Each structure stands twice: as structure tokens, then as C-alpha cells.
Amino acid sequence: MQHIYIVEDDSNIFEIESYALKNSGYQVTGFYSAKEFYRGLSERTPDLVLLDLMLPDEDGLTILKKLRMRGDTKNVPIILVTAKSTEIDKVKGLDTGADDYITKPFGIMELISRVKALLRRSEKLPEKKFFAVGDIFMDGEKHMVYVNDKPVELTFKEYELLKYLIINQGVVVSRDMIMERVWATGYEGETRTVDVHIKSLRQKLKESGKLIKTVRNVGYILEAEE
């Protein structure tokens with residue numbers, strides 16, 4: 001049975017989330033503070049985390065950053081749950097390393113659907129740890145990217161985007177496909193997020209950024225130069 005950690009200080013919301021997830025066949029453990037959550041992580045690593053942004057002792061984004069820096073939790077699927085709904089809040093959360101984002105109030109069916117979809121995708125992630133194309137080298141163990149042996153600083157989502165393009169080298173991937181695989185489902189109409197991240201990725205990769213080509217009205221393709 002898959003185990004989900006809920007980090008939520010609102011007891012009413014926790015009860016709703018917990019009840020829905022347990023009825024869907026998941027094991028659930030709840031934490032009302034960051035301190036309790038870290039203690040729980042020391043005992044076991046969950047299959048997924050529902051993380052509230054507004055906690056009494058530490059904000060969710062700070063917790064998220066720490067989780068992505070830890071070896072045992074860097075790949076754990078994380079869904080942010082928050083009352084904030086502006087686009088900039090979504091971008092901050094996703095760029096920091098969240099896999100999905102759900103805004104309060106939300107429907108139970110929506111929550112369960114997102115949890116199931118995210119767990120399915122996490123099971124299909126390739127286990128290969130090292131990728132290379134052209135002058136680009138990705139070290140999955142260190143979560144680092146190098147161009148011509150020089151480290152390139154990428155955000156979490158930029159890294160995941162590049163990894164997805166490299167895995168699908170030579171194949172055109174649509175913006176919708178990228179949103180589903182890198183940003184999770186439920187972001188219809190927000191595919192401009194992909195374009196913004198592609199632009200930033202190209203700039204950071206410098207000369208190697210030209211390997212990422214735009215396919216007009218479709219999406220993008222990463223091709224090594226012959």
C-alpha cells in the first residue's frame with residue numbers, strides 16, 4: 001500500500017484529505033508542523049507528499065527546497081496545497097521542485113485524480129542516471145548539468161525539462177506533453193510556461209541551447225548536431 005504524508009496545520013482540511021485518500025486505498029500519516037514532518041521523514045520515506053505552503057513554523061517553499069536537496073526525498077512526488085492562486089505563486093512552487101499544485105478550496109475527486117496521476121508517472125520515470133547529448137552532460141546522482149565540463153545552474157523544473165527533452169532526443173514533444181510530464185496535469189491553457197522555461201534553458205546552455213529547436217505550432221525537439 002502506498003504511503004502518503006500530509007503536511008497541513010488546518011485540522012479540517014487534513015481530515016478531508018485523509019478521509020478521501022484512505023477511502024481510495026492509500027495509507028496516510030499527517031503532520032501539523034515542519035518539525036513533526038522532518039521527524040516522520042527520519043522514520044520512513046513516503047510515496048507522495050501533500051504539502052501546505054502556510055505552516056506555523058516554516059513555510060512550504062523552504063521545506064520543498066530542503067526536500068529536493070535530500071538524497072532520500074529528491075525524487076518523491078510533491079503536491080503543493082495552498083490558498084494562494086496567483087500565477088507567480090504557482091511558478092515559484094513549480095520551479096522550486098513541486099510536481100503539481102492544487103488551490104484551496106478544491107474538490108475531492110480532483111485531489112484523488114491528481115494523486116493517482118502523479119504516482120503513475122513517478123513509477124514510469126527512467127532509472128538511467130547519466131545523459132549526454134552534444135556538449136551537454138547530465139549527472140542524475142548529483143542533479144547537475146555540465147556544458148563543456150562547466151557546471152550550469154538550473155532550477156528544478158529547468159533540469160526536469162532538459163532531462164525530458166534529452167530522453168526524447170530526436171522526437172518532437174508537444175507543449176501539452178511537456179506540461180503533463182514535467183509540470184503534471186491540470187494546467188491546460190498555461191503552456192506559455194513551457195515557452196518561458198525553454199527560453200531560459202537556452203540562455204543558460206549558451207551555444208548548446210541551439211540544440212533545442214522549436215517546431216512551429218507543435219512544440220520542441222532536441223537534436224544533436226551531426
Side-chain angles (χ1 to χ4, degrees), residues 45 47-49 64 67-79 91 93-101 114-188 190-226:
T45 301
D47 295 293
L48 182 144
V49 176
L64 181 57
L67 293 179
R68 290 313 184 208
M69 293 174 66
R70 291 173 52 140
D72 59 338
T73 58
K74 65 181 180 180
N75 293 318
V76 172
I78 299 173
I79 300 178
V91 171
L94 295 171
D95 276 354
T96 302
D99 297 281
D100 202 351
Y101 193 112
R114 288 177 182 245
V115 167
K116 287 182 176 179
L118 192 48
L119 286 172
R120 281 198 304 268
R121 284 197 301 279
S122 66
E123 292 173 354
K124 297 177 183 178
L125 290 175
E127 297 182 358
K128 186 176 178 182
K129 295 182 178 180
F130 304 101
F131 303 89
V133 56
D135 295 323
I136 303 171
F137 176 74
M138 299 190 77
D139 184 337
E141 291 186 342
K142 296 180 179 178
H143 210 267
M144 285 292 298
V145 173
Y146 302 86
V147 175
N148 289 320
D149 297 324
K150 296 180 180 179
V152 178
E153 293 293 331
L154 301 180
T155 66
F156 184 84
K157 285 303 177 185
E158 287 170 349
Y159 179 93
E160 293 298 313
L161 173 57
L162 178 59
K163 181 178 178 180
Y164 182 63
L165 291 172
I166 290 179
I167 290 172
N168 292 280
Q169 180 182 342
V171 177
V172 177
V173 289
S174 69
R175 292 173 176 83
D176 288 337
M177 290 170 61
I178 294 173
M179 288 300 293
E180 180 180 352
R181 296 296 299 185
V182 179
W183 273 271
T185 57
Y187 292 93
E188 296 84 354
E190 295 189 23
T191 51
R192 62 185 180 279
T193 298
V194 175
D195 298 332
V196 171
H197 281 74
I198 288 287
K199 181 179 179 180
S200 176
L201 192 54
R202 282 171 170 162
Q203 292 174 343
K204 291 183 178 181
L205 295 175
K206 297 182 179 180
E207 186 66 20
S208 293
K210 66 183 181 182
L211 298 181
I212 304 173
K213 300 176 175 63
T214 301
V215 181
R216 190 172 181 181
N217 297 324
V218 181
Y220 297 94
I221 184 172
L222 187 146
E223 291 183 308
E225 295 181 326
E226 297 180 358

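Heavy atoms only: backbone and side chains are in, while hydrogens, waters and symmetry mates are out. Values in this document were obtained by computation on a predicted structure and should not be read as measured data.
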Would you name the heavy atoms of [X] and [Y] that are closest together and state the gap between them?
X: Pro77; Y: Asp99; answer: CA-OD2, 3.2 Å
X: Lys157; Y: Val182; answer: NZ-O, 2.7 Å
X: Gly134; Y: Leu211; answer: CA-CD1, 4.4 Å
X: Ile167; Y: Phe131; answer: CG1-CE2, 3.8 Å
X: Ser200; Y: Glu158; answer: OG-OE2, 2.6 Å
X: Val115; Y: Leu48; answer: O-CD1, 4.1 Å

| said: When you compare the side chains of Tyr220 and Asp195, does any donor N or O come within less than 3.5 Å of an acceptor on the partner? | reply: yes
When you check the side-chain N and O atoms of Thr45 and Arg70, is any donor under 3.5 Å from an acceptor?
-> no
Would the number of heavy atoms belonging to other residues, nucleotides or ligands and lying under 6.0 Å from [atom1] of [X] be above 12?
X: Lys74; atom1: NZ; value: yes
X: Met144; atom1: CE; value: yes
X: Lys213; atom1: NZ; value: yes

Intermediate values then yes/no, side-chain contact (heavy atoms from CB on, under 4.5 Å), Thr214 and Arg202:
CA-CA 11 Å; Thr214 301; Arg202 282 171 170 162; 2.9 Å; yes
Parallel, tilted or perpendicular: which one describes the rings of Phe130 and Phe137, with boundaries at 30° and 60°? parallel
How many angstroms lie between atom [atom1] of [X] and atom [atom2] of [Y], to the nearest 0.5 angstrom?
X: Asn148; Y: Asp135; atom1: CG; atom2: CG; value: 4.0 Å
X: Leu154; Y: Leu161; atom1: CG; atom2: CG; value: 9.5 Å
X: Arg120; Y: Lys116; atom1: CZ; atom2: NZ; value: 8.0 Å

Quiz item: Is it true that a side-chain atom of Arg114 and a backbone atom of Tyr101 form a donor plus acceptor pair closer than 3.5 Å?
Solution: yes
Exactly one of Val147, Leu162, Val152, Val145 clears side-chain contact (heavy atoms from CB on, under 4.5 Å) with Lys204, and that residue is Val152
Tyr164 vs Glu160, test: side-chain contact (heavy atoms from CB on, under 4.5 Å). Steps then yes/no. CA-CA 6 Å; Tyr164 182 63; Glu160 293 298 313; over 6 Å; no
- Query: Can we say Asp95 and Arg68 salt-bridge, meaning some charged N sits less than 4.0 Å from an Asp/Glu carboxylate O?
  - Reply: no
task = For the pair Leu205 and Ile212, evaluate side-chain contact (heavy atoms from CB on, under 4.5 Å) and give the outcome as yes or no after the intermediate values.
result = CA-CA 10 Å; Leu205 295 175; Ile212 304 173; 4.1 Å; yes
Apply side-chain contact (heavy atoms from CB on, under 4.5 Å) to the pair Leu222 and Asn168, showing each step before the final yes or no.
-> CA-CA 8 Å; Leu222 187 146; Asn168 292 280; over 6 Å; no
